[in-house]
Participant: 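Let me begin by handing over the structure; questions about it come next.
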Amino acid sequence: MPRQLAKNIEWVRETLLEGAEGKLDKESLSVVMLRFLLENDELPIREVLKQFDKTEELQKGTGLFLFRYLIAKKELIIDMTKKIDLSSKVSDLLI
């Protein structure tokens, strides 16, 4: 297995573990996050995640957690053999 693929799997997998989200309703919030990402697909991912946290009045880092969760659930399809670059545009990352 390619090293980067293994790293990416490890990075997204923990979002699937029970209790990883604390008191977060990751199922319903991930739907909101997916729509937010698709509506802002020309912005850098990092910026979209920050805006999401602010807009939804969530704790810093929640957007990143949900982004990882969407990848783990295969709601966002990306090339897992490449490094996930949060400075790239959403549209450039998605397959």
Side-chain angles (χ1 to χ4, degrees):
M1 179 183 296
R3 182 176 170 89
Q4 190 60 56
L5 176 60
K7 283 178 141 181
N8 288 342
I9 290 171
E10 181 181 4
W11 189 65
V12 300
R13 182 188 169 277
E14 68 186 29
T15 64
L16 298 174
L17 301 176
E18 204 59 41
E21 71 283 357
K23 295 181 181 186
L24 184 68
D25 179 8
K26 62 184 176 183
E27 289 300 322
S28 61
L29 272 175
S30 66
V31 174
V32 178
M33 167 55 82
L34 181 58
R35 185 174 65 240
F36 200 83
L37 283 164
L38 296 176
E39 289 171 354
N40 296 284
D41 68 338
E42 289 303 312
L43 294 173
I45 295 165
R46 181 174 285 118
E47 186 59 37
V48 175
L49 300 179
K50 283 182 193 175
Q51 284 182 16
F52 179 78
D53 287 347
K54 194 173 192 177
T55 302
E56 297 299 317
E57 299 178 352
L58 297 166
Q59 183 178 353
K60 185 179 176 182
T62 302
L64 179 59
F65 178 87
L66 292 169
F67 176 73
R68 293 166 49 207
Y69 179 70
L70 287 167
I71 295 170
K73 295 283 284 185
K74 298 181 182 166
E75 298 290 333
L76 287 177
I77 307 299
I78 66 169
D79 184 349
M80 293 288 283
T81 63
K82 295 181 181 173
K83 185 176 186 330
I84 299 170
D85 182 5
L86 298 179
S87 63
S88 64
K89 290 187 217 173
V90 174
S91 59
D92 293 341
L93 187 66
L94 301 179
I95 294 177

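For the single chain, residues carry numbers from 1 onward in sequence order.
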Participant: Please report the interatomic distance CD(E14) to CD(E10), rounded to the nearest 0.5 Å.
Facilitator: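 E14 CD to E10 CD: 7.5 Å, rounded to 0.5 Å.
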Participant: If you apply the rule side chain to side chain contact (heavy atoms under 4.5 Å, CB included), what do you find for K73 with L16, and how did you get there?
Facilitator: CA-CA 8 Å; K73 295 283 284 185; L16 298 174; 3.7 Å; yes
Participant: If you measure from CG on N8 to NZ on K82, what distance do you get to the nearest 0.5 Å?
Facilitator: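 Reported to 0.5 Å precision, the distance equals 11.5 Å.
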Participant: Determine yes or no for a side-chain-to-main-chain donor-acceptor pair under 3.5 angstrom, with S91 supplying the side chain and D41 the backbone.
Facilitator: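 At least one qualifying donor-acceptor pair exists.
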Participant: Would you say that T81 contacts Q4 through its side chain, given a criterion of any heavy-atom pair below 4.5 Å between the two side chains?
Facilitator: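 With C-beta onward as the side chain, the pair stays apart.
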Participant: Measure the CG-OH distance between L24 and Y69 for me, rounded to the nearest 0.5 Å.
Facilitator: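 If I round to the nearest 0.5 Å, the distance is 9.5 Å.
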Participant: Can you hop from M33 to L86 via hydrophobic side chains spaced under 4.5 Å?
Facilitator: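 In one cluster: yes.
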Participant: Do side-chain atoms of D79 reach the backbone of I95 as a donor and acceptor pair under 3.5 angstrom?
Facilitator: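 Here the side-chain-to-backbone pair does not exist.
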Participant: Got a second to check how far Q51's CD is from L37's CG, nearest 0.5 Å?
Facilitator: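 Output value for this atom pair is 11.0 Å.
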Participant: Using a 6.0 Å cut-off, check whether atom CD of E57 has over 12 heavy atoms from anything other than its own residue.
Facilitator: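 Result for CD/E57: open.
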Participant: Looking only at atom types and distance, does a side-chain atom of T55 sit under 3.5 Å from a main-chain N or O of F52, one as donor and one as acceptor?
Facilitator: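 Not confirmed, T55 side chain does not pair with F52 backbone.
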Participant: Below 4.5 Å, heavy atoms only, C-beta onward: do I45 and I84 meet side chain to side chain?
Facilitator: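 No, every pair of side-chain atoms sits at 4.5 Å or beyond.
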Participant: When clusters are formed by joining ILVMFWY residues with side-chain heavy atoms under 4.5 Å apart, either directly or through shared neighbours, do I77 and L34 land in the same one?
Facilitator: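 No, it is not one cluster - the side chains of I77 and L34 are not joined through contacts under 4.5 Å.
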Participant: Please name the pair of heavy atoms, one in S87 and one in P44, separated by the smallest distance, quoted to 0.1 Å.
Facilitator: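 Scanning both residues completely, I find the closest heavy atoms to be O-CB, 3.6 Å.
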Participant: In Å, rounded to the nearest 0.5 Å, how long is the span from CD1 of I9 to CE of M1?
Facilitator: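 Rounded to the nearest 0.5 Å, the CD1-CE separation comes out at 4.5 Å.
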Participant: Identify the heavy atoms of L49 and F67 that sit nearest to each other, and give their distance.
Facilitator: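 It is CD2-CB, 3.8 Å.
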Participant: Hey, any chance L93 and L38 share a hydrophobic cluster, counting ILVMFWY side chains that come within less than 4.5 Å of each other, even indirectly?
Facilitator: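 Per the 4.5 Å side-chain linkage, L93 and L38 are co-clustered.
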Participant: What's the spacing between I71 CD1 and S30 OG if we round to 0.5 Å?
Facilitator: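 That separation rounds to 12.5 Å.
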Participant: Can you tell me which residue among L76, T15, V31 is in a side-chain contact (heavy atoms from CB on, under 4.5 Å) with L70?
Facilitator: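 Filter result, single survivor: L76.
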Participant: Are V90 and V32 linked, directly or through other ILVMFWY residues, by side chains that come within less than 4.5 angstrom of each other?
Facilitator: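 Yes, V90 and V32 fall within the same hydrophobic cluster.
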Participant: Just checking Q59: does its CD atom have more than 12 heavy atoms from other residues, nucleotides or ligands closer to it than 6.0 angstrom?
Facilitator: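 No, the 6.0 Å shell around CD holds no more than 12 heavy atoms from other groups.
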Participant: Going only through I, L, V, M, F, W and Y residues with side-chain contacts under 4.5 Å, is there a path from W11 to L66?
Facilitator: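 Linked within one cluster.
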